[in-house]
2 protein chains.
Amino acid sequence: MKKTGIDWGEVNATCDAMSPEEDSLARTIVTQMAEKWTLWTMAVLAEAGGPMRFSRVLEQVEGVSQKSLTKTLRQLERDGLVTREAFAEVPPRVEYAITELGMEMLAQVHPLWVWASANVKRFVEARERYDG
Amino acid sequence: MKKTGIDWGEVNATCDAMSPEEDSLARTIVTQMAEKWTLWTMAVLAEAGGPMRFSRVLEQVEGVSQKSLTKTLRQLERDGLVTREAFAEVPPRVEYAITELGMEMLAQVHPLWVWASANVKRFVEARERYDG
DNA sequence: TTCATTTGTTACCTCGAGGTACCTACAGCA
DNA sequence: TGCTGTAGGTACCTCGAGGTAACAAATGAA
């Protein structure tokens, strides 16, 4: 029945070996990763290939509000997924860049995203079957 | 700079080839996957290796409320990730099981989860650096 | 007759995500 | 003397997630 060869026991064992705080943190990481603008923001910074000003990111992540982008970037910075460098100039300049850890996380997410995109039709069919 | 070898252009190309509805659906799939009880529920059904009654799932997914589990299972059923079979008995019996599509999705998520668990320490350190 | 069982549904509550809109500070420029 | 541009902070709003608690429906058991 386990046709995919996934050993969920292995995952559970990994979780059991962690402290409760660590366990809940792993959960938090995955949850935040799926928040509305997080992946998109990281992808934009990854594609840029170097530091990017706040307003450039704001343009590239189409539809995000200033407030939400600020919050998203703060969280990413806190988790070590992006770096932030502020320059004491007028008008102010702040540059963001993705970190090695951020690139590693994107590498993990990448196949999932590709799979989801490639299998959209199967989901559409399932929903039509259910709704109709 | 793209040290991970990820070709995000490839992902974007995939997205560009989709209709807006399909694109937003792919986004929706990934978002729902990260909702509070979704992955846990799927993992429980996958580990069971066969059909499971509602109340068994309710026990295994510790902390979930009846209402939330019902909603979670409905969404999973709608997306073709689990099956639901109701028996006309008293008291009622309803059996849930994971589908092939569900197993495939778990297979995609698995490495991400393992990576997140394995790298918890790096996130903890980043947060301590930021907060302290 | 009354109660337990099982799978929901519904009303009501709280909390947080995320949006819009408006405010600052300060130098340069017309 | 205003006006512009940048990176944010803050007030206020709406919307949905998710919790608790109570109820339904029907049958077999006490």
Side-chain angles (χ1 to χ4, degrees), chain A residues 24-25 27-42 44-45 48 50-79 81-98 130, chain B residues 24-25 27-42 44-45 48 50-79 81-98 130:
Chain A
S24 83
L25 183 57
R27 202 172 296 274
T28 301
I29 298 299
V30 176
T31 300
Q32 285 185 357
M33 184 207 75
E35 276 175 8
K36 194 165 181 182
W37 304 108
T38 302
L39 277 183
W40 198 350
T41 302
M42 290 178 70
V44 162
L45 289 174
M52 244 179 125
R53 297 191 64 162
F54 180 85
S55 33
R56 293 314 115 229
V57 183
L58 192 63
E59 287 170 4
Q60 298 280 315
V61 184
E62 295 168 38
V64 72
S65 69
Q66 209 179 44
K67 174 187 161 186
S68 295
L69 183 58
T70 299
K71 188 186 170 193
T72 300
L73 287 168
R74 285 278 184 284
Q75 282 183 343
L76 290 174
E77 188 198 358
R78 180 167 185 247
D79 288 334
L81 296 165
V82 310
T83 57
R84 189 190 112 109
E85 190 176 7
F87 299 86
E89 301 172 2
V90 168
R93 178 165 59 106
V94 181
E95 288 185 343
Y96 294 91
I98 196 151
Y130 184 93
Chain B
S24 83
L25 183 58
R27 202 172 296 275
T28 302
I29 298 299
V30 176
T31 300
Q32 285 186 356
M33 183 206 76
E35 277 175 6
K36 193 164 182 182
W37 304 109
T38 302
L39 276 183
W40 197 350
T41 302
M42 289 177 70
V44 162
L45 289 174
M52 247 179 123
R53 298 191 64 163
F54 180 84
S55 31
R56 292 315 114 228
V57 183
L58 192 64
E59 287 170 3
Q60 299 280 315
V61 184
E62 294 167 40
V64 71
S65 69
Q66 210 179 42
K67 174 188 161 187
S68 295
L69 183 58
T70 298
K71 188 186 170 193
T72 300
L73 287 168
R74 286 279 183 284
Q75 282 183 342
L76 290 174
E77 188 198 358
R78 180 166 185 249
D79 288 335
L81 297 165
V82 310
T83 56
R84 190 189 111 110
E85 190 176 6
F87 298 87
E89 301 173 3
V90 168
R93 178 165 60 106
V94 180
E95 287 187 343
Y96 294 91
I98 196 150
Y130 184 93

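Sequence lines set the chain letters: A, B, ... in the order given, protein chains first and strands last, and positions in each chain run from 1. Values reported hereafter were calculated over all heavy atoms of this structure, with side chains retained and with hydrogens, waters and symmetry mates removed.
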Here the pair of heavy atoms bringing A:I98 nearest to A:M42 is CD1-O, 3.6 Å

Distance check: side-chain N/O of A:S55 vs OP1/OP2 of D:dG5, anything under 4.0 Å?
no

**Item:** B:R93 side-chain N/O to C:dT7 phosphate OP1/OP2 under 4.0 Å
**Value:** no

Ranking C:dG8, C:dG18, C:dT6 by distance to the side chain of B:R53, first place goes to C:dT6

field: Any side-chain heavy-atom pair of A:F54 and A:L73 under 4.5 Å
entry: yes

A:F54 CZ to D:dG8 P, in whole Å, measures 6 Å

On a heavy-atom basis, the closest approach of A:P92 and A:R53 is O-NH2, 3.2 Å

Across all chains, not counting sequence neighbours, the salt bridge (charged side-chain N to carboxylate O under 4.0 Å, His left out) partners of A:R56 are A:E59

Using a cut-off of strictly less than 4.0 Å, decide whether B:S65 has a side-chain nitrogen or oxygen near OP1 or OP2 of D:dG19.
yes

Please confirm whether the shortest side-chain N or O distance from A:K71 to OP1 or OP2 of D:dG8 is below 4.0 Å. no

When every non-hydrogen atom of B:L39 is compared with those of B:M33, the smallest separation belongs to CG-O, 3.4 Å

Rounded to whole Å, CH2 of B:W37 lies from P of D:dG16 at a distance of 22 Å

Rounded to whole Å, CE of A:M52 lies from P of D:dA7 at a distance of 11 Å

Using atom types as modelled and distance alone, determine if a side-chain donor or acceptor of B:T70 lies under 3.5 Å from a backbone N or O of B:Q66. yes

Heavy-atom closest pair (A:V64 atom, A:L69 atom, distance to 0.1 Å) is CG2-N, 3.8 Å

Between CG of B:L69 and P of D:dA17 the distance, given in whole Å, is 16 Å

Readout for nucleotides 21-30 of chain C: B = base within 4.0 Å of protein heavy atom, S = sugar-phosphate only, - = neither; 5' to 3' it is -----BS---

note: B:E95, atom CD; C:dG8, atom P; distance rounded to Å ~ 12 Å

- Taking only side-chain nitrogens and oxygens of B:S68, does any of them come within less than 4.0 Å of OP1 or OP2 of D:dG19? yes

Here the distance between atom C1' of D:dG5 and atom CD of A:E89, to the nearest Å, is 13 Å

Between A:Q75 and B:R56, whichever has its closest DNA chain C nucleotide further toward 5' is B:R56

note: B:L73, atom CG; D:dG18, atom P; distance rounded to Å ~ 13 Å

Winner on side-chain proximity to A:R84, out of C:dG18, D:dG8, D:dA7, is D:dG8

Per atom distances to the B:T70 side chain, the nearest of C:dT9, D:dT6, D:dG8 is C:dT9

Do any side-chain nitrogens or oxygens of B:Y96 fall under 4.0 Å of OP1 or OP2 in C:dT7? no

So CH2 of A:W40 and CZ of B:R27: to nearest 0.5 Å the spacing works out to 5.5 Å

In whole angstroms, the gap separating P of D:dC15 from CD of A:E35 amounts to 20 Å

